[in-house]
Number of protein chains: 2
Amino acid sequence: MRIGALSQRTGVSERALRYYEEQGLLSPLRRPSGYREYTDEHVHTVRSIRTLLAAGLGTATIADVLPCMVEEGGQLAAACPDLLVDLARERDRITAAMNELRAAREMLDAIIAAPVPAEAARALDCEEAVGTEFGASPVPSR
Amino acid sequence: MRIGALSQRTGVSERALRYYEEQGLLSPLRRPSGYREYTDEHVHTVRSIRTLLAAGLGTATIADVLPCMVEEGGQLAAACPDLLVDLARERDRITAAMNELRAAREMLDAIIAAPVPAEAARALDCEEAVGTEFGASPVPSR
DNA sequence: GTTGACTCTGACATCGTCGTGAGGGTTTAG
DNA sequence: CTAAACCCTCACGACGATGTCAGAGTCAAC
């Protein structure tokens with residue numbers, strides 16, 4: 001498939017896909033015309049890339065990680081010790097980030113769930129606020 | 001206290017502290033000389049700012065949220081409906097981000113924990129990799 | 001008063017992940 | 001064959017939170 005199709009199937013912009021290639025994360029074949037030709041596997045690869053990017057890994061690290069990923073749920077080989085060290089570090093970073101997110105979410109929850117004192121609402125020139133009880137969807141913070 | 005002291009006590013750079021003020025997140029008093037004068041409360045405020053920033057909130061949103069935060073564990077007032085909508089949205093975004101982080105971490109864990117096939121290690125010119133079993137500290141996922 | 005540490009205000013630089021547009025080929029359906 | 005839709009390669013811009021530097025006051029201690 002060509003880049004437009006891959007973009008649609010992954011929800012990732014064409015620009016981003018070209019960027020990933022530029023960074024060595026994707027290596028589609030090229031037609032004589034220069035058009036990129038992707039396979040179904042690239043769809044999975046792109047998904048992995050997005051996940052790792054979202055986790056804060058840089059493209060360089062991802063480039064190191066990707067070759068270790070074979071198949072979907074299939075198994076993958078680890079790599080050089082250096083990479084393992086990096087990965088362990090990333091793992092810890094991610095865990096820390098999750099904790100920060102949790103803290104922030106609790107902070108927001110506290111504010112959202114806080115009873116809106118009528119006076120406070122008035123003091124904040126938000127008369128309509130009182131009784132608008134909607135937010136604070138009690139999603140169990142697990 | 002002055003900016004240097006606040007910087008030390010919070011671990012946040014002076015540059016960042018000035019930036020927060022520029023964005024309306026902090027309003028220290030000013031000495032006649034122009035020097036900023038912070039209170040102990042600002043220490044807490046800065047911590048809150050960092051937490052929310054780390055969670056991906058923008059300074060503008062944080063500026064809206066901060067006034068709702070009174071005291072440490074004390075209670076806080078909610079605010080305008082608009083803000084509540086924003087906060088709920090942020091909350092969902094944070095939850096989504098946490099899920100992405102979890103997915104990424106599992107991905108990394110799978111790679112880290114993967115048995116290093118001796119052949120793979122050799123194929124990857126990483127002879128030393130075999131037997132380096134360390135990472136993958138089984139931190140209970142939550 | 002003098003030194004050294006501290007602070008001030010700009011303003012430009014950085015990082016990574018794209019958005020966007022220009023200028024120009026390629027493919028495909030009619 | 002032609003138009004529409006697709007794709008190519010530059011290349012500049014943007015964001016957001018900071019780093020960093022310059023030039024210039026201010027504070028504290030001696």
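Keep in mind that what you see is a predicted model, and the values were worked out from it rather than measured. Throughout, protein chains are lettered first and strands after them, A, B, ... in sequence-line order, and every chain is numbered starting at 1.
The side-chain hydrogen bond (donor to acceptor under 3.5 Å, both in side chains) test applied to A:Glu90 returns A:Arg93, not counting sequence neighbours. Contacts of A:Glu37 classified as side-chain contact (heavy atoms from CB on, under 4.5 Å), with partners at least two apart in sequence or in another chain: A:Arg2, A:Leu29, A:Arg31. Remark: B:Arg47 pairs with no residue by the salt bridge (charged side-chain N to carboxylate O under 4.0 Å, His left out) rule, at least two apart or across chains. Partners of A:Tyr20 under the ring pair (Phe, Tyr, Trp, His ring centres under 6.0 Å) rule, at least two apart in sequence or in another chain, do not exist in this structure. Scanning for side-chain contact (heavy atoms from CB on, under 4.5 Å) contacts around A:Gln23 gives A:Tyr19, A:Leu25, A:Thr59, with sequence neighbours left out.
Between B:Thr61 and B:Leu52 the shortest side-chain heavy-atom distance does not fall below 4.5 Å. Residues B:Leu26 and B:Ile49 have side chains in contact (heavy-atom distance under 4.5 Å, counting atoms from C-beta outward).
Atom C1' of nucleotide D:dA17 and atom CG of B:Leu26 are separated by 14 Å, given to the nearest angstrom. B:Met1 has its CE atom 16 Å from the P atom of C:dC6, to the nearest Å. A:Gln8 has its CD atom 14 Å from the P atom of D:dA5, to the nearest Å. The separation between B:Gln23 atom CD and D:dA17 atom C1' is 9 Å, rounded to whole Å. Taking atom CZ on A:Arg50 and atom C1' on C:dT17, their separation rounds to 9 Å, with Å as the unit. With rounding to whole Å, B:Arg31 atom CZ is found 12 Å from D:dT26 atom P. The CG atom of B:Leu17 sits 14 Å away from the C1' atom of C:dC8 (whole-angstrom rounding).
Nearest-nucleotide positions on DNA chain D for A:Ala5 and B:Pro32 put A:Ala5 closer to the 5' end.
The side chain of B:Tyr19 lies closest to D:dT18 when the candidates are C:dT27, D:dT18, C:dC18. The side chain of B:Ser13 sits closest to D:dG19 out of D:dG19, C:dC6, D:dT18.
The list of ring-ring contact (aromatic ring centres under 6.0 Å, His included) pairs with a residue in residues 21-41 of chain B, not counting sequence neighbours, reads B:Tyr38-B:His42.
For C:dT17, the OP1/OP2 oxygens have no side-chain nitrogen or oxygen of A:Tyr20 closer than 4.0 Å.
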Can you name the atoms? Protein N/O to nucleotides 8-11 of chain D N/O, anything below 3.5 Å, with the distance.
from: D:dC8; atom 1: OP1; to: A:Arg36; atom 2: N; distance (Å): 2.9
from: D:dC8; atom 1: OP1; to: A:Arg36; atom 2: NH1; distance (Å): 2.7
from: D:dC8; atom 1: OP2; to: A:Arg18; atom 2: NE; distance (Å): 3.1
from: D:dC8; atom 1: OP2; to: A:Arg18; atom 2: NH2; distance (Å): 2.9
from: D:dC8; atom 1: OP2; to: A:Arg36; atom 2: NH1; distance (Å): 3.3
from: D:dC8; atom 1: O5'; to: A:Arg36; atom 2: NH1; distance (Å): 3.3
from: D:dT9; atom 1: OP1; to: A:Arg30; atom 2: NH1; distance (Å): 3.0
from: D:dT9; atom 1: OP1; to: A:Arg30; atom 2: NH2; distance (Å): 3.2
from: D:dT9; atom 1: OP2; to: A:Arg36; atom 2: NH1; distance (Å): 3.0
from: D:dT9; atom 1: OP2; to: A:Arg36; atom 2: NH2; distance (Å): 2.7

Please table the atom pairs, donor to acceptor, closer than 3.5 Å between any side-chain atom in residues 9-17 of chain A and protein atoms at least two apart or in another chain.
from: A:Arg9; atom 1: NH1; to: A:Asp40; atom 2: OD1; distance (Å): 3.2
from: A:Thr10; atom 1: OG1; to: A:Leu6; atom 2: O; distance (Å): 2.7
from: A:Thr10; atom 1: OG1; to: A:Ser7; atom 2: O; distance (Å): 3.4
from: A:Thr10; atom 1: OG1; to: A:Val12; atom 2: N; distance (Å): 3.2
from: A:Ser13; atom 1: OG; to: A:Ala16; atom 2: N; distance (Å): 3.0
from: A:Glu14; atom 1: OE1; to: A:Arg18; atom 2: NH2; distance (Å): 3.4

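A heavy-atom distance below 4.0 Å to DNA chain D is reached by none of the residues of residues 52-60 of chain A.
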